[in-house]
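We're numbering straight along the sequence, starting at 1. Note that the structure is a prediction, hence the values are computed from the model and not measured. Counting convention: from 1, in listed order, for ligands and their atoms alike.
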Amino acid sequence: MTIDAKPGDEPRVLWITGAGSGIGRAAALSAADAGWRVALSGRRQNTLEATADAVRAHSGDAFVVPVDVRDPAAVTASADVVRSRWGRIDGLVLAAGLNAPDRRWADQATETFDQIVQTNLVAPAHLIAAALPHLRERHGVAVIVSSYSAWTFSPGAGVAYSASKSALSSLARTVNSEEASSGVRACHLCPGDVNTDFLELRPNVPDAEARGVMLEPSDVARSIQFVLDSPPHVRFDEIVISPLSQR
Ligand SMILES: NC(=O)c1ccc[n+]([C@@H]2O[C@H](COP(=O)([O-])OP(=O)(O)OC[C@H]3O[C@@H](n4cnc5c(N)ncnc54)[C@H](OP(=O)(O)O)[C@@H]3O)[C@@H](O)[C@H]2O)c1
C-alpha cells in the first residue's frame with residue numbers, strides 16, 4: 001500500500017514540538033506552505049498562538065496543543081488530541097530542546113542535567129511512542145531535530161546536551177530497524193549553529209556578527225520539508241546540515 005498525497009486527499013497532518021519559536025516555528029510555516037495541517041506544541045501558549053496566526057495568514061490550517069514534553073501522560077493525551085482533531089498524524093517534527101549555560105562537569109547542577117536529558121532524550125522517546133500507532137496508519141515520518149554535536153563530538157556543547165542528543169541517533173535507528181515493516185521512517189537531523197533564541201543558553205552568547213554567518217531556521221526547515229515530502233519508500237536515516245562557517 002502506498003500512502004502518498006493525491007489530488008482530492010485530505011491534507012496531511014504534522015505534529016511539531018518546539019513550534020512556538022526557532023526551528024519548530026520555521027518547520028510549521030514551511031509545512032503549512034506545502035499544504036500540511038500543523039499541530040503546534042510547546043509550553044508557551046502565546047508563542048504557539050503567534051505561530052498559528054502566521055500559518056493562518058498564509059491560508060494554512062494550524063491548531064495549538066500546549067504541552068510540557070517532559071510530562072509523559074500529557075504527551076500521550078496530546079497525541080490523542082491531535083489525532084482526534086484531524087483524524088490522522090502523518091508526520092512528527094521533534095524540535096523541543098534544552099541546554100544550559102552551566103554545562104560542564106565543573107559547573108553543571110544535577111537537576112539541570114536531569115532536565116536537559118528529560119527534554120532532549122526521554123521526551124522524544126515518549127513522543128515517538130505516543131505518535132507511532134498513528135504514524136503506522138499513515139506510513140508516516142518522524143524528524144528528530146538533534147544536533148551537530150550528536151554527529152561529531154563538539155566540546156562546547158555540554159555534558160547533558162552532548163549525551164542526550166547523541167542518543168537520539170539510536171532512537172532514529174531503532175525506529176527504522178523495527179518499524180520498516182509498518183512503513184514508518186525516522187530521520188536523525190543534525191544541525192550546526194542556527195540563529196535562534198537557543199543561543200541565549202550558551203555560556204558566551206554570540207553577537208550579531210557571529211549570528212550572521214549561522215544557519216537561519218528557514219534553512220533547517222527546508223531540509224525538514226524535503227524529508228517530509230519524500231515518497232513513502234524513501235528514508236533519510238541521518239542528515240547533517242551546517243553553515244559554511246561551522247568548525
Ligand atoms: N540553535 C542552534 O544552534 C541549534 C543547533 C542544533 C540543534 N538545535 C536544536 O534545535 C531544536 C530547536 O531549537 P531552536 O534552535 O529552534 O531554539 P528555540 O527557539 O529556543 O526552540 C526551543 C523550543 O523548545 C521548546 N521547549 C523547550 N522545553 C520544552 C518542554 N519542556 N516542553 C515543550 N516544549 C519545550 C521551547 O518552547 P517553550 O519554551 O514554549 O516550551 C522552544 O520553542 C532544539 O532541540 C535544539 O537542541 C539547535
**Prompt:** Distance-only, no hydrogens or angles: does the S164 side chain make a donor-acceptor pair with backbone N or O of A160 under 3.5 Å?
**Reply:** yes

**Request:** Could you pull out, from G42, S154, G97, the option with a heavy atom nearest to atom 27 (C) of ligand 1?
**Result:** G97

**Prompt:** Under a 4.0 Å N-O cut-off, is there an ion pair linking E179 with R136?
**Reply:** yes

**Prompt:** Under 3.5 Å, side chain of N99 to main-chain N/O of A157, donor-acceptor pair present?
**Reply:** yes

**Asked** Which protein heavy atom lies closest to atom 3 (O) of ligand 1, and at what distance to 0.1 Å?
**Response** V194 N, 2.9 Å

**Request:** Identify whether the distance between the nearest side-chain nitrogen and carboxylate oxygen of D237 and R235 falls below 4.0 Å.
**Result:** yes

**Residues R37, D61: salt bridge by 4.0 Å N-O rule** = yes

**Request:** Run the numbers for me: atoms of ligand 1, each under 4.0 Å from some heavy atom of G22, listed by number.
**Result:** 16 (O), 19 (O)

**Request:** Look at atom 45 (O) of ligand 1 and say which protein heavy atom is nearest, naming residue and atom and giving the distance to 0.1 Å.
**Result:** K165 NZ, 2.9 Å

Please tabulate, for side-chain N and O atoms in residues 187-201, each donor-acceptor pair with protein atoms closer than 3.5 Å (sequence neighbours left out).
unit_1: H188; atom_1: ND1; unit_2: E238; atom_2: OE2; d: 2.7
unit_1: H188; atom_1: NE2; unit_2: S146; atom_2: OG; d: 2.8
unit_1: H188; atom_1: NE2; unit_2: S169; atom_2: N; d: 3.4
unit_1: D193; atom_1: OD1; unit_2: R202; atom_2: NH2; d: 2.8
unit_1: N195; atom_1: OD1; unit_2: R211; atom_2: NH1; d: 3.1
unit_1: N195; atom_1: ND2; unit_2: E216; atom_2: OE2; d: 3.2
unit_1: T196; atom_1: OG1; unit_2: F198; atom_2: N; d: 3.1
unit_1: E200; atom_1: OE2; unit_2: R211; atom_2: NH2; d: 3.1

**Contact (N/O only, under 3.5 Å) between T196 and ligand 1** = yes

**Prompt:** Under 4.0 Å from ligand 1, counting heavy atoms only, is it the side chain of Y161, its backbone, both or neither?
**Reply:** side chain

**Request:** Report yes or no: does S147 contribute a side-chain atom to a donor-acceptor pair with the main-chain N or O of S149 at less than 3.5 Å?
**Result:** yes

**Asked** So which protein heavy atom does atom 21 (O) of ligand 1 come closest to, and at what separation?
**Response** S21 OG, 3.3 Å

**Message:** Show me which atoms of ligand 1 lie under 4.0 Å from any heavy atom of D68.
**Reply:** 30 (C), 31 (N), 32 (N)

**Request:** Could you check atom 38 (P) of ligand 1 against the protein and tell me its nearest heavy-atom contact, residue, atom and distance included?
**Result:** R44 NE, 3.4 Å

**Prompt:** Does T119 come within less than 4.0 Å of ligand 1, judged by its heavy atoms?
**Reply:** yes

**Request:** Just need the protein heavy atom nearest to atom 23 (C) of ligand 1, so name the residue and atom and give the distance.
**Result:** G18 CA, 3.8 Å

**contact_flag G192 ligand 1 heavy-atom lt 4.0 Å** = yes

**Prompt:** Would you call D193 a ligand 1 contact, heavy-atom distance under 4.0 Å?
**Reply:** yes

**Request:** Using only heavy-atom distances, determine whether the side chains of W36 and D229 contain a donor-acceptor pair under 3.5 Å.
**Result:** yes

**Prompt:** For A95 and ligand 1, does the shortest N/O to N/O distance drop below 3.5 Å?
**Reply:** yes

**Request:** Please confirm whether V67 comes under 4.0 Å of ligand 1, counting heavy atoms of the residue only.
**Result:** yes

**Prompt:** With respect to atom 32 (N) of ligand 1, which of L40, L48, V69, T47 exhibits the smallest heavy-atom separation?
**Reply:** V69

**Fill in**
atom 41 (O) of ligand 1 has as its nearest protein heavy atom R43 NE, 2.7 Å

**Item:** Where P66 and Q45 come nearest, the two heavy atoms and their spacing
**Value:** CG-OE1, 3.3 Å

**atom 6 (C) of ligand 1 - nearest protein heavy atom and its distance** = P191 O, 3.1 Å

**Request:** Return yes when atom CG of N204 has more than 12 non-hydrogen atoms of other residues, nucleotides or ligands closer than 6.0 Å, and no otherwise.
**Result:** no

**Request:** Using a strict cut-off of 4.0 Å, indicate which atoms of ligand 1 neighbour a heavy atom of A96.
**Result:** 24 (O), 25 (C), 26 (N), 34 (N), 35 (C), 45 (O)

**Message:** Considering non-hydrogen atoms of the protein only, which is the closest contact for atom 7 (C) of ligand 1, and what is the distance?
**Reply:** S146 O, 3.0 Å

**Item:** N/O donor-acceptor pair under 3.5 Å between R185 side chain and V234 backbone
**Value:** yes

**Complete:** Ranking Y148, W151, F198 by closest non-hydrogen atom to atom 20 (O) of ligand 1, top hit is F198

**Prompt:** Within the distance-only criterion (no hydrogens, no angle test), does the side chain of R56 pair as donor or acceptor with the backbone N or O of A62 below 3.5 angstrom?
**Reply:** yes

**Asked** Can you get from I23 to L228 by hopping between Ile, Leu, Val, Met, Phe, Trp and Tyr side chains that sit under 4.5 Å apart?
**Response** yes

**Message:** Looking at D107 and R103, would you say the former's side chain and the latter's main chain have a donor-acceptor pair under 3.5 Å?
**Reply:** yes

**Asked** Is M214 touching ligand 1 with its side chain, its backbone, both, or neither, if touching means heavy atoms under 4.0 Å apart?
**Response** neither

**Request:** Could you tell me whether some N/O pair between G24 and ligand 1 is separated by less than 3.5 angstrom?
**Result:** no

